[in-house]
S.K.: 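One structure is given below, represented as structure tokens, and several questions about it will come after.
Reminder, nothing fancy here: chain letters follow the sequence lines and each chain counts from 1. Just so we're clear, the structure is a prediction, and the values are computed from it rather than from any experiment.
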Amino acid sequence: MNIIVCIKQVPDTKDVRLDPKTNTMAREGVSSIMNPFDRHALEEAVRIKEEAGGTVTAISMGPPQAEAVLREAISCGADDGVLISDRAFAGADTWATSYTLARAVSSLGNFDLVLCGKQAIDGDTAQVGPGLACQLDRPYVTCVQKIRSLADGEMIVERMMDDGYDVVRLPLPALLTVVKNINEPRVPSLRGKMKAKKAEIKVLTAADIGAEKQCIGLAGSPTQVVSVFTPPPRGNRTVFTGTVEEQIGQLVERLKAYL
Amino acid sequence: MIVDTAREIADEKIVPRRAELDEKNEFPTDILQDMARADLFGIFVPEQYGGFGGGCFEIVLALEQLARGCVGVATSYAASALGIFPVLIAGSEQMKEKYLPDIAAGRKWAAFGLTEANAGSDASGVQTTAVLDGDEWVLNGTKQWITNGGESQIYSIIAITDPSKGARGASIFIVEDGDPGFSYGKKENKMGIRASATRELIMNDCRIPGDRLVGRQGTGFITVMKTLDVSRPGIASLGVGLAQAALDEAVTYAKQRIQFGKPIISFQAVQHMLADMAIQLEAARALVYAASRHIDNNPRNMSKASSMCKVFATDMAMKVTTDAVQVLGGYGYMKEYPVEKMMRDAKILQIYEGTNQIQRNVVGQELNREYTI
Amino acid sequence: MLIVDKEKCIGCGVCEENCAFGAISVVDGCAVVNDNCTLCGACVETCEPGALNIEGAAKETGAELGEWSGIWVVAEFRHGGIAPVSFELLGIGRTLADQRGVPLSAVLMGSGVEEGAGLLIASGADLVYVVDNPELEYFREDVYGRVLEELIRARRPEVVLAGATAIGRSFIPQVANGLNAGLTADCTQLSIRSEDGMLLQTRPAFGGNIMATIVCPNSRPQMATVRPKVMAPLEPDPARTGEVILVELDDRVYRSRVEVLESVRSEQDNVNIQEVEILVAGGRGLASEKGFELIRGLAEELGGAVAASRAAVDSGWISYPHQVGQTGKTVCPKLYIACGISGAIQHTVGMQSAKTIVAINKDENAPIFDIATYSLVGDLFEIVPLLTRRIRENRGK
């Protein structure tokens, strides 16, 4: 099994708090982490490799500093890391990102499975996984919560739905996006960390993957951001006082519209 | 790197589950498996057997971080190291090849069987016997309060092979889970470190192959003493990690808790308590690190340093966790906050792997010897 | 390109502090951009002197923009009914269509769905394209995607809206990719720019702490998925008339590489927390699975559903579909009651757009109180049962 895992580096929101007055996010000094959903995709890939053999290649499209998440991926069990990085990629929307990743995946040779996280926690679009599958012209299933079986060129998976789940069969090569209850990601091993330190991270540029100029970066993005603004802060806040009985009385009074 | 990995295990795998494990008295099999996947069991195993060749200092670093999460879980890990030390110290090449790769990979865990009902602080009171019968050893006796009992696959058992020779008549054997005549007693219900499993080991005409003898016959107590010398700084570092966790909780709380219109950390009475906690903690950490480095240099005599750091760091942990409960006041006494568990966990550190009274004896005896011309 | 206007830059360094990628720094009193820049726009927003700008042209797809006309809504049909979000889409779709002076159409795909067309017309559609085929009985990404793509190619709508549900978010990106069309996920506001009739699509980014307004200047259709519970449906009017068009498609469109073996509806997870008006949520403060009985009791009394923080889900007290927040679902109910939830940002990004937020927590410093409309500091085990009883009594009156 040749498995490719798509990983995004995102800002860590762990210790971030909203400023209650301005309702803006304090981003100062925020470090970068591997997108949490992608950790689950990587873990699933490594588990498949441990069971069925093969290789796991982690790829990430991003600035040079995104190399760090690829090293982290290697420390968690990936065999290789490939960074897709070029200034020409900057400003890509989900269409251009899907295109760029598809070119990169194709340039890496044959694969059996591409795994992605359901969505990235900074953009929250959940569009790149399906977009990539479309660009690669491979079948895909989103929001996979379990891989039931994987053999003989096909797989049976459970796709989480809003009201339960579907059991779906699809042929390989294919693409899956995964949700977080598919597995419990491991902590990077000592050996993995040593390997990650020494690993050579291959860098692919726009020219390396044969990307067409009008399909990448800002120029390749059908959508365009026209304005960015901070949402208005939430309205008045009331802190009730008095005994528990009294506080509840006041609350019930205010909630009458909902009763 | 070891510190980072152990800390990630603590933060991601242990902290979210520690209250539940404590409440349910549940052994953390899956967390130990997570540690195994992270290669943590390889730290203390030599490289030729699949480990990283670390020493006492490396174990100390790992245990400190694990103990920040939960001393119960950390104890289960530490007990596996303790259980295999006799093989590392005195085992034959053949024996090392047989057991160490599995230990390094975390596929098997070990346990250390010394304590008996009448042999606690007085280890010479061991009554378990081993008799050679043809090619096999036959063991009889019961070990008490054995950490990882019933969960491990490999047990180091101290038994008397020649009752006439006193301390020189003891030997160590490896007993494996499933050996005929080997069984476990019920799981103990403890005050603290409830995530760790403590059971009796019962040997009733337990027959094991002749090659399970660790080292030469009659050297059992020497190996036990060497083992404990190397392992005690680990227990001390559990105290350091635990106290650090308690201090973290206490300071965080003191900054948040408002009384008389101010965070309580702004009151000198609280500040001084926190300061004393931090001072003692740093002193203990420095001593433990120094002692473990000293031991890694393989000096002729390591007992004094080993005992000193065990006493100081674990007494400190008891004090600091108790003070942490005090800083949190009524909340500290409630199960919703982690400090009451920390206080319960701290107590065992003063008792196991040689009570702190016995450790003081060791320090005193060593002093007496050193000053004898 | 991120352009720094050297005349305007005062070297204050705010951009540097706000860049999550370390891509901008102040050198000799002026901001300098390096290769790490992803053009995310965070610095542009925070630059008070207005010295930063992102320049660049959007993709040219050669689509003759004028040939595309009409507003489309993709109706979602599952387990024998039309999802509520479809009617909400018709509500906003009606407004957009009236502004543009074009018809509003709905696309209804499924097996045995034809009857639903009347309901869609009553709720605002002028036209309903019905694709009724046994192959559409179960949702399959590739078939649904191809059907919609075929319809769009043939009829050329200027705008296509779908619900940002599990289904919508799964297959709409594929359609957009196939059509080279721009797609904006999870929109919370939609309007028409009066100068040129473009669709202005506003969506939360960085978990709702920034809003971004997006257009598709050179491609058609303009596609968007819309978050459930944000748009208001119209009052259904059975007297409204409209046209129903049954669409027959070539068999090849229905050919799939994916087979649905089973579709399981979970009893416990039957309620989609994104589609309800009232949510009662529990967190770590519940201390155990049993704590959720209190939450359920209150939710039932209010006719709402149960949600949870990640801590509660990770502790195994309730299943993942109930999780609200960064790695769970984003919800915007009318009323959100957070019980024993501290309100870490990972949680609040998933619920801060709720109309009214009630927070019950014993820690007076919990960040949840920063965003709560009504705050009760105290023991939830005391407050929740009492509140449940009071609400019951109140209803009895």
S.K.: For A/Glu184 and B/Lys13, which heavy atoms make the closest approach, and how far apart are they?
M.R.: CG-NZ, 3.6 Å

S.K.: Quick one: list whatever passes salt bridge (charged side-chain N to carboxylate O under 4.0 Å, His left out) with A/Arg159, sequence neighbours left out.
M.R.: A/Asp166, C/Glu141

S.K.: Surrounding NZ of B/Lys96 (heavy atoms of other residues, nucleotides or ligands, distance under 6.0 Å), is the total greater than 12?
M.R.: yes

S.K.: Determine, for B/Glu12 against A/Arg39, whether the closest basic-nitrogen to carboxylate-oxygen distance falls under 4.0 angstrom.
M.R.: yes

S.K.: How long is the gap from OG on A/Ser75 to CD on B/Glu8, to the nearest 0.5 Å?
M.R.: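 Here the rounded value is 7.5 Å.
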
S.K.: Just wondering, more than 12 heavy atoms not from B/Glu20 lying within 6.0 Å of its CD?
M.R.: yes

S.K.: For the candidates B/Asp30, B/Asp34, B/Ile9, which exhibits the highest count of non-hydrogen atom pairs separated by less than 4.5 Å from chain A?
M.R.: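 Most pairs with chain A among the choices: B/Ile9.
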
S.K.: In Å, rounded to the nearest 0.5 Å, how long is the span from OG of A/Ser189 to CE of B/Met1?
M.R.: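 The CE atom of B/Met1 is 8.5 Å from OG of A/Ser189, to the nearest 0.5 Å.
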
S.K.: Anything in residues 190-203 of chain A with a heavy-atom distance to chain B below 4.5 Å? Please list those residues in order.
M.R.: A/Leu190, A/Arg191, A/Gly192, A/Lys193, A/Met194, A/Lys197

S.K.: What part of B/Ile2 is in contact with chain A, defined as an atom under 4.5 angstrom from a non-hydrogen atom: side chain, backbone, both or neither?
M.R.: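 The answer is both parts of B/Ile2.
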
S.K.: Provide the full list of ring pair (Phe, Tyr, Trp, His ring centres under 6.0 Å) pairs with a residue in residues 43-76 of chain B, sequence neighbours left out, each pair given once.
M.R.: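 Ring pair (Phe, Tyr, Trp, His ring centres under 6.0 Å) check on residues 43-76 of chain B returns B/Phe57-B/Tyr289.
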
S.K.: Which pair of non-hydrogen atoms, one from B/Ala38 and one from A/Pro188, has the smallest distance, and what is that distance?
M.R.: CB-O, 4.0 Å

S.K.: Chain A contacts: which residues in residues 230-243 of chain B have a non-hydrogen atom closer than 4.5 Å to it?
M.R.: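 Residues in range: none.
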
S.K.: So which part of B/Asp4 gets closer than 4.5 Å to some heavy atom of chain A, the side chain, the backbone, both or neither?
M.R.: both

S.K.: Report, as yes or no, whether the 6.0 Å neighbourhood of atom OH on B/Tyr333 holds more than 12 heavy atoms from other residues, nucleotides or ligands.
M.R.: no

